[in-house]
Trainee: 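My structure is below; once you've seen it, I'll send some questions.
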Amino acid sequence: MNSGTPTAAHPEPRTAAALSLGFLTGAVIGASLTAFIGGCVVERTPLIVTGLALPAAYGLLLLLAKLPHRAREAAVVPRTALAAIESLEAFRGEASDVPVCFELSVVPDDTPAFRVEIRQDVNLVELPDYRRRGIVVVEYPPDRPWKTRIVKRPTPEWEDRAALAELDTVPGPAMKDETPEGCLSGLLALLGLLLGAAAVLLLFRADLFDSHDAEADAPSPSISSSPSSSSSTITVTSATGTVALGPGRSMLDKGELREAVESLTQGADRRRALTVVVQNRLLTVVFSPTGVRTAGFDPRSLPYDRVPELVEEAGTTLGVGSPRSWQLTADGVSGSLRLTVVVTGGRGTGTLQADGQGNVLRRSGS
């Protein structure tokens with residue numbers, strides 16, 4: 001059979017375009033990961049969307065750019081030839097098909113023979129059919145012989161030719177399907193990844209860093225206190241205000257609840273309240289959002305003088321025994337002020353509801 005010096009083209013080394021593509025791919029990976037992770041950390045939707053959309057758009061553009069080249073490759077009619085197996089090495093695999101590295105001497109009918117090294121998956125059941133110096137039928141694109149593939153189910157004509165053929169070994173090094181990328185390609189991809197990440201940090205620095213700085217520079221809640229054991233601690237934020245009395249004092253003492261409420265609503269701070277919660281030594285006011293018109297009430301309109309009587313009535317008339325704790329909740333979200341008093345004692349819990357003037361509406365015990 002025909003054998004001689006191969007004249008087929010060898011795989012081209014990586015060109016500048018291929019190296020640039022590797023650099024660009026690294027940049028897209030670095031930018032998308034940085035944007036997505038940074039967006040999740042600082043809770044910025046534009047960054048998250050950028051991190052998800054960037055690789056999708058890049059993949060679509062890459063696919064569209066390669067379509068003409070793939071169409072030209074698909075239009076090439078492959079050639080069929082006989083080949084002798086010079087060596088084969090099977091690699092361990094988890095599936096029924098295992099990768100096998102073949103070195104073949106391909107001898108076409110009308111062109112010079114050539115030697116090629118390929119890797120192809122072979123079923124474990126069919127693996128014994130391939131042996132050294134065995135003859136197989138192969139197909140390859142005329143312009144890319146390094147993409148030779150073994151035909152597993154050849155036509156009867158080629159199957160008969162393979163059974164009767166004897167092929168000489170083609171000398172020389174074997175062409176390979178893949179070309180080593182070398183260190184330059186890896187370095188360019190790494191550089192692209194780092195530059196992509198740096199570009200996102202630069203473009204979105206306001207979203208990534210300014211919000212954190214704003215939180216760090218935000219004014220802390222105003223707190224005023226006195227070292228005296230009988231003093232009260234007042235804490236006011238944009239959403240709530242609290243007053244904690246010192247030992248030996250109670251919100252049921254005459255004038256304490258009024259003074260505590262006024263300490264949170266003095267001066268120009270005349271915001272309406274959504275909820276007021278009063279316990280023995282603690283007052284909590286939940287203010288209406290600033291600049292938003294919503295239902296609420298003036299916390300200074302509470303019936304201060306009726307609060308001790310309501311707590312006493314809830315504890316005695318409902319039979320909860322000696323009161324251990326109590327809580328009054330004033331709710332104005334629905335538009336009209338409602339007071340709910342809950343007293344817990346040794347015999348159970350008593351609940352009393354009253355209107356904004358302190359008039360009892362209903363009672364219940366458990």
Trainee: Do Thr329 and Val341 touch side chain to side chain, with heavy atoms closer than 4.5 Å?
Mentor: no
Trainee: Please name the pair of heavy atoms, one in Ala113 and one in Val170, separated by the smallest distance, quoted to 0.1 Å.
Mentor: CB-CG2, 3.6 Å
Trainee: For residues Leu67 and Leu60: do they belong to one hydrophobic cluster (side chain heavy atoms under 4.5 Å, members Ile, Leu, Val, Met, Phe, Trp, Tyr)?
Mentor: yes
Trainee: When hydrophobic residues are tied together by side-chain contacts of less than 4.5 Å, even through go-betweens, does Val49 share a cluster with Phe36?
Mentor: no
Trainee: For Arg161 and Asp109: C-alpha separation, side-chain torsions, deciding distance, then whether salt bridge (charged side-chain N to carboxylate O under 4.0 Å, His left out) applies.
Mentor: CA-CA 12 Å; Arg161 290 186 58 181; Asp109 291 338; 3.0 Å; yes
Trainee: Yes or no on side chain to side chain contact (heavy atoms under 4.5 Å, CB included) for Leu352 and Thr340, after CA distance, side-chain angles and deciding distance?
Mentor: CA-CA 6 Å; Leu352 180 150; Thr340 302; over 6 Å; no
Trainee: Out of the candidates Leu104, Val136, Leu167, only one should pair with Leu82 under the side chain to side chain contact (heavy atoms under 4.5 Å, CB included) rule; please name it.
Mentor: Leu167
Trainee: Run the salt bridge (charged side-chain N to carboxylate O under 4.0 Å, His left out) check on Arg363 and Glu313 step by step: do they pass?
Mentor: CA-CA 10 Å; Arg363 305 176 179 85; Glu313 184 174 349; 2.4 Å; yes
Trainee: For side chain to side chain contact (heavy atoms under 4.5 Å, CB included), just list the numbers for Val343 and Val311, CA-CA rounded to whole Å, side-chain angles, deciding distance to a tenth of an Å, and then say yes or no.
Mentor: CA-CA 7 Å; Val343 178; Val311 173; 4.2 Å; yes
Trainee: Roughly how far, to the nearest 0.5 Å, is the CG atom of Leu124 from the CD atom of Glu126?
Mentor: 10.0 Å
Trainee: Would you say Glu312 has more than 12 foreign heavy atoms packed within less than 6.0 Å of its CD?
Mentor: no
Trainee: Could you state the interatomic distance from CD (Gln357) to CG (Leu339), rounded to the nearest 0.5 Å?
Mentor: 9.0 Å
Trainee: Is Leu127 close to Asn123 at the side-chain level, that is, under 4.5 Å between some pair of heavy atoms?
Mentor: no
Trainee: In plain terms, say whether Glu139 and Arg79 are close enough for a salt bridge, that is, a side-chain N and a carboxylate O under 4.0 Å apart.
Mentor: no
Trainee: With the threshold set at 4.0 Å, does a side-chain nitrogen-carboxylate oxygen contact exist between Glu103 and Arg115?
Mentor: yes
Trainee: What closest approach, in Å, do Ser32 and Pro55 show between heavy atoms, and which atom pair accounts for it?
Mentor: CB-CD, 3.6 Å
Trainee: What heavy-atom pair brings Ile135 and Ala165 nearest, and what distance separates the two atoms?
Mentor: CG1-O, 3.7 Å
Trainee: Look only at the side chain of Asp355 and the backbone of Gly358, and say whether a donor-acceptor pair between them is shorter than 3.5 Å.
Mentor: yes
Trainee: Rounded to the nearest 0.5 Å, how far does OG1 of Thr240 lie from CG of Leu274?
Mentor: 11.5 Å
Trainee: Side chains of Leu252 and Trp326, heavy atoms from C-beta outward: is any pair under 4.5 Å?
Mentor: yes
Trainee: I want to check a possible cation-pi pair here: Arg119 against Phe91, using under 6.0 Å from ring centre and within 45° of the ring axis as the test.
Mentor: yes
Trainee: Indicate the atoms forming the closest heavy-atom contact of Leu245 with Ser250, along with that distance.
Mentor: CD1-C, 3.6 Å
Trainee: Just how far is it from atom CD of Glu157 to atom CD of Glu159, taken to the nearest 0.5 Å?
Mentor: 11.5 Å
Trainee: Does a side-chain heavy-atom distance below 4.5 Å link Tyr130 with Val122?
Mentor: yes
Trainee: Within the distance-only criterion (no hydrogens, no angle test), does the side chain of Ser105 pair as donor or acceptor with the backbone N or O of Thr169 below 3.5 angstrom?
Mentor: no
Trainee: Say whether Leu282 and Val243 are linked into one hydrophobic cluster, either directly or through other cluster members, by side-chain heavy-atom distances under 4.5 angstrom.
Mentor: no
Trainee: Decide yes or no for Pro308 and Leu310: does some side-chain heavy atom of the first lie under 4.5 Å from some side-chain heavy atom of the second?
Mentor: no
Trainee: Taking the side chain as C-beta and beyond, is there a heavy-atom pair between Leu193 and Phe23 under 4.5 Å?
Mentor: no
Trainee: Flag yes if Val342 and Leu302 sit in one hydrophobic cluster, no otherwise; membership is Ile, Leu, Val, Met, Phe, Trp, Tyr, and two members link when side-chain heavy atoms are under 4.5 Å apart.
Mentor: no
Trainee: How far does CG of Leu283 sit from CG of Leu264, to the nearest 0.5 angstrom?
Mentor: 5.5 Å
Trainee: Please step through side chain to side chain contact (heavy atoms under 4.5 Å, CB included) for the pair Val277 and Leu328, ending with a clear verdict.
Mentor: CA-CA 6 Å; Val277 179; Leu328 180 144; over 6 Å; no
Trainee: Please answer: with hydrophobic residues joined when any side-chain heavy atoms are less than 4.5 Å apart, are Leu337 and Leu361 in the same cluster?
Mentor: no
Trainee: Can you pull the side chain to side chain donor-acceptor pair (under 3.5 Å) pairs that have at least one residue in residues 45-65, sequence neighbours excluded?
Mentor: Thr25-Tyr58
Trainee: Does Tyr140 form a side chain to side chain contact (heavy atoms under 4.5 Å, CB included) with Phe114? I'd like the steps, not just the answer.
Mentor: CA-CA 12 Å; Tyr140 64 93; Phe114 58 91; 4.0 Å; yes
Trainee: Looking at every heavy atom in both Asp143 and Trp146, which two are closest together, and how far apart are they?
Mentor: O-CH2, 3.7 Å
Trainee: Answer yes if the side chains of Arg362 and Thr351 hold a donor-acceptor pair under 3.5 Å, and no otherwise.
Mentor: no
Trainee: Could you tell me whether Lys152 atom NZ has more than 12 heavy atoms of other residues or ligands within 6.0 Å of it?
Mentor: yes
Trainee: Stepwise, does the salt bridge (charged side-chain N to carboxylate O under 4.0 Å, His left out) test hold for Glu262 with Arg300?
Mentor: CA-CA 7 Å; Glu262 290 180 350; Arg300 296 169 300 170; over 6 Å; no
Trainee: Which heavy-atom pair separates Gln279 from Met251 by the least distance, and what is that distance?
Mentor: O-CG, 3.2 Å
Trainee: I'd like to check Pro145 versus Met175 (side-chain heavy atoms, cut-off strictly below 4.5 Å). Are they in contact?
Mentor: yes
Trainee: Could you measure the distance from the CG atom of Asn280 to the CZ atom of Arg249? Nearest 0.5 Å is fine.
Mentor: 12.0 Å
Trainee: Taking Ser301 for its side chain and Asp298 for its backbone only, find out whether a donor-acceptor pair lies under 3.5 Å.
Mentor: yes
Trainee: Side chains of Arg149 and Gln120: does their closest heavy-atom pair fall under 4.5 Å?
Mentor: yes
